[in-house]
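All residue numbers in this chain count up from 1 along the given sequence.
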Amino acid sequence: GEQGFPGYNGVPGRNGVNGVDGVKGQEGSRGRTGPQGFPGFPGRDGPKGIAGPNGNPGDTGAKGNAGSNGRDGSDGTDGFKGRAGANGDQGDVGETGLPGTNGRDGSKGSPGFNGFDGFKGQRGPKGFTGFPGFPGPNGVKGQPGFDGTDGLAGPKGSRGTDGANGRPGPRGSPGFDGTPGRSAFKGPKGHAGFDGNNGAPGDFGFKGQQGTPGADGLPGDNGRNGRDGSQGPRGEQGLPGNKGEPGFPGAQGRPGDKGLTGAPGPNGRDCLFQAVDLAFVLDSSGSLQASGWNQVINFAADVVGVMRVGPSDSRIASMAYSHIQNILFNFNELSTSSAMQSSLRNAAFIGSGTATGAALHQVIRHFFNSDNTGFRQFQVPAICITLTDGKSAETNGEVAQYSNQLRSMGVQTFAIGVGPAIDMAELNTIAGDSSRVFLVSQLSDLESFVQTFIQSVLCPEPPVKGLPGAPGDDGRPGSNGFDGPKGLRGAPGDAGRPGNNGRPGEDGLIGMKGQPGFDG
C-alpha cells in the first residue's frame with residue numbers, strides 16, 4: 001500500500017532534575033517585630049508571564065466530597081493605605097558563614113633563563129641506503145580516442161550462396177466459403193477434432209488508489225466542569241531541557257597581583273666539543289673605518305666570552321690584517337677569556353688595503369704549525385674563522401692557495417662576509433663550501449649574530465633546553481565581576497520520534513478477464 005501519513009509529534013521532553021542546593025548559611029537571630037501597618041491598597045496586576053512548558057499530568061486524585069455553596073458576601077470598601085511601621089531593632093550579627101571558594105590562580109611566573117648553548121657535535125656516520133620504494137599506482141585510464149573517418153567504399157563482392165530456407169510464415173486467414181457442391185450420398189461421420197489450446201491469461205488489473213481521508217468532525221460542546229478532586233500525588237520530575245544561551249559576560253574583575261618570579265632553570269648541557277683550537281682572522285682594512293673595526297673586535301670578544309677557555313679547554317688565537325698582519329695573541333699566550341677580550345677590544349685599527357691571502361699564509365706559519373707548542377696538532381678540532389667586508393686586492397690566487405692548504409692540513413675553514421661589498425666567490429673559496437659561509441647585512445648586526453655563529457659553528461646540534469623555572473606564587477584573587485544579565489531561554493526540546501507507519505492500502509480491483517484464445 002502507499003505510505004501512511006506521518007505520525008504525530010512525540011511528547012515534549014520532561015524538565016531536568018534541579019541541581020543540589022548549596023549549603024545554607026546559619027541564620028542570624030531574629031529582630032523584634034515592628035507594629036503591623038494598615039493594609040495597603042491592592043496593587044495592579046503585573047503583565048502575564050510567559051507560559052512554562054506543560055508538565056506531565058499527575059495521577060487522578062480521589063473524588064472529593066462536594067461542599068455546600070456558601071452565600072456570596074457583600075463587597076467591603078477598600079481601606080486607606082496605612083503608614084509604614086517603624087523599623088525594628090537590628091538583629092544580632094549571625095555566625096560566620098562557611099569559607100568562600102578559592103580565588104583564581106595568579107599569573108604564571110616568568111620562565112627561567114636558558115643555559116648557554118654547548119659546542120658543536122661531531123658529524124654522525126652516513127646512514128644506510130633505503131630499500132627501493134614500492135611501484136606507484138597505475139595511472140588513470142585515458143579517455144577513448146575519437147572515431148576515425150570512414151574509409152573509401154570497397155569494390156562490390158561476388159554473389160553469395162543462397163541461404164537456408166526460412167521458417168514457415170504465420171498461418172493465413174481462412175479463405176472464403178466455396179460454392180456448395182452437388183448433392184451426393186452422405187458420407188460417414190468423421191472423427192472428433194482435438195481440443196484447442198487454452199488462451200493466454202488476461203493482464204492483471206491496476207491497483208486502486210487509496211481513498212482520501214474524511215474531513216474532521218466538528219468539536220463537541222465543552223462539558224461542564226466537574227468538582228475539584230483532592231490533590232493527586234506529585235508527578236515525577238521532568239527531564240532537563242536544553243541549555244539556554246549563555247548570558248552576557250559580567251564586567252571584568254580587577255586582575256590579581258603578579259606572582260613572584262620563578263627561580264631560573266638549570267643551564268642546558270655543554271656542546272659536544274669540550275675543547276677546540278680556534279683562530280680569528282679579522283679584516284682591519286680602511287673600508288671598515290674605525291667605528292666598523294670596533295664592532296668587529298666586539299663580535300670576536302663576545303664569542304670568546306661565551307666559550308669555555310683554558311689550557312685543557314678551548315684555546316684561541318687572533319690576527320688583525322690589512323696590507324700587513326698584526327698577531328694579537330697565539331694559542332698559548334692567554335689562558336683566560338677576560339684577558340683575551342681585553343686584548344681584542346684594545347687592538348689598533350690598521351686601515352689600509354686588503355690582503356686576505358697573505359693573512360691566511362701567516363695563519364699557517366704562526367698558528368697551525370707543527371712548531372707552535374700552543375697548537376695541539378689536531379688532537380682537538382682546529383677551526384679558522386675569517387671575517388671580511390670586501391674582496392682581496394691580491395691577483396695571483398693567494399686566497400685559494402692558502403685556503404686549500406689549510407683544509408688539506410685538516411683545519412675547518414669558515415668565512416663571515418659583512419656589508420654590501422662582499423664577493424661571494426671569494427667567500428666560497430675561503431670556506432671551501434657555501435654551507436660554511438655566513439652573511440651579515442651590516443656591521444651593526446654583528447652583535448645579534450653572536451648566538452647564530454656559536455650555534456652554527458660550535459654547536460650545530462640544538463642544545464637541550466633548560467628546565468622551566470618553578471611557577472611563581474599564586475596572586476591574590478581579583479574581585480568578582482558584576483553579574484551578567486539573565487541568559488536567553490533555552491531552545492525547545494528535540495522533536496518527538498516519528499510516528500508508526502500507516503496501515504497498508506487496500507488491494508486494487510481485479511482486472512478484466514482476458515479475451516479467449518484462438519482455437520487450436
Student: Strictly distance-based, threshold 3.5 Å: is any side-chain N or O of R436 a donor or acceptor partner for the main-chain N or O of T413?
Tutor: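 Checked: pair present.
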
Student: Nearest 0.5 Å, please: how far is OG in S287 from CG in D389?
Tutor: 3.5 Å

Student: Carefully, step by step, assess L446 and V418 under the rule side-chain contact (heavy atoms from CB on, under 4.5 Å).
Tutor: CA-CA 8 Å; L446 278 173; V418 184; 4.1 Å; yes

Student: Let me see the working for Q377 and S370 under side-chain contact (heavy atoms from CB on, under 4.5 Å), right down to the final yes or no.
Tutor: CA-CA 7 Å; Q377 307 301 323; S370 59; 4.1 Å; yes

Student: Nearest heavy-atom pair of S314 and A275: which atoms, and what distance?
Tutor: OG-CA, 3.8 Å

Student: Nearest 0.5 Å, what's the CG-CE distance between D313 and M307?
Tutor: 9.5 Å

Student: Can you give me every donor-acceptor pair (side chain of residues 355-368, partner residue at least two apart or in another chain, under 3.5 Å) with its distance?
Tutor:
unit_1	atom_1	unit_2	atom_2	d
T356	OG1	Y321	OH	3.0
Q362	OE1	H366	NE2	3.0

Student: Looking only at atom types and distance, does a side-chain atom of S392 sit under 3.5 Å from a main-chain N or O of E394, one as donor and one as acceptor?
Tutor: yes

Student: Just verifying a value: how many Å separate F299 CZ and D445 CG, rounded to the nearest 0.5 Å?
Tutor: 12.0 Å

Student: State the CG-CG distance between N369 and N330, to the nearest 0.5 angstrom.
Tutor: 9.5 Å

Student: Does the S343 side chain pair with the main chain of A339, one donor and one acceptor, at a distance under 3.5 Å?
Tutor: no

Student: Just verifying a value: how many Å separate N428 CG and S403 OG, rounded to the nearest 0.5 Å?
Tutor: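 Reported to 0.5 Å precision, the distance equals 11.0 Å.
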
Student: Please name the residue in the list D283, L282, V281 that meets the side chain to side chain contact (heavy atoms under 4.5 Å, CB included) test with T388.
Tutor: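 In the set D283, L282, V281, the residue that makes a side chain to side chain contact (heavy atoms under 4.5 Å, CB included) with T388 is D283.
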
Student: Please report, to 0.1 Å, the donor-acceptor pairs under 3.5 Å made by any side chain of residues 344-354, with sequence neighbours excluded.
Tutor:
unit_1	atom_1	unit_2	atom_2	d
R345	NE	N298	OD1	3.2
R345	NH2	D302	OD1	3.1
N346	ND2	S342	O	3.0
N346	ND2	S342	OG	3.4
S352	OG	H323	ND1	3.1
T354	OG1	S285	OG	3.3

Student: Do L443 and L288 come close enough that some side-chain heavy atom pair is under 4.5 Å?
Tutor: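 Side chain of L443 against side chain of L288, heavy atoms only: contact under 4.5 Å found.
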
Student: Flag yes if more than 12 heavy atoms outside E447 fall under 6.0 Å of its CD atom; otherwise flag no.
Tutor: no

Student: Specify the closest pair of heavy atoms between N332 and N372, including all atoms of both residues, with the distance to one decimal.
Tutor: OD1-OD1, 4.4 Å

Student: Quick one: list whatever passes ring pair (Phe, Tyr, Trp, His ring centres under 6.0 Å) with F280, sequence neighbours left out.
Tutor: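 For F280, no residue satisfies ring pair (Phe, Tyr, Trp, His ring centres under 6.0 Å) once neighbours in sequence are set aside.
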
Student: Is the number of heavy atoms from other residues, nucleotides or ligands within 6.0 Å of CD (Q401) greater than 12?
Tutor: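 Check passes, neighbour count above 12.
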
Student: Kindly state whether the ring of F453 and the ring of F414 have centres lying under 6.0 angstrom apart.
Tutor: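 Not under 6.0 Å, so no.
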
Student: Rounded to the nearest 0.5 Å, what's the gap from CD1 on I383 to CD on Q412? Could you check?
Tutor: 5.0 Å

Student: Check whether R407 reaches the backbone of I430 with its side chain - one donor and one acceptor, N or O, closer than 3.5 Å.
Tutor: yes

Student: With no hydrogens and no angle check, is any side-chain donor or acceptor of Q295 less than 3.5 Å from a backbone partner on W293?
Tutor: no

Student: Using atom types as modelled and distance alone, determine if a side-chain donor or acceptor of R315 lies under 3.5 Å from a backbone N or O of F331.
Tutor: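 Pair absent, no side-chain N/O of R315 close to backbone of F331.
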
Student: List the atom of M340, the atom of L334, and the distance in Å for their closest heavy-atom pair.
Tutor: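 In terms of heavy atoms, the two residues are closest at CE-O, 3.1 Å.
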
Student: Decide yes or no on side-chain contact (heavy atoms from CB on, under 4.5 Å) for I297 and N294, but give the supporting numbers first.
Tutor: CA-CA 5 Å; I297 56 180; N294 287 333; 4.0 Å; yes

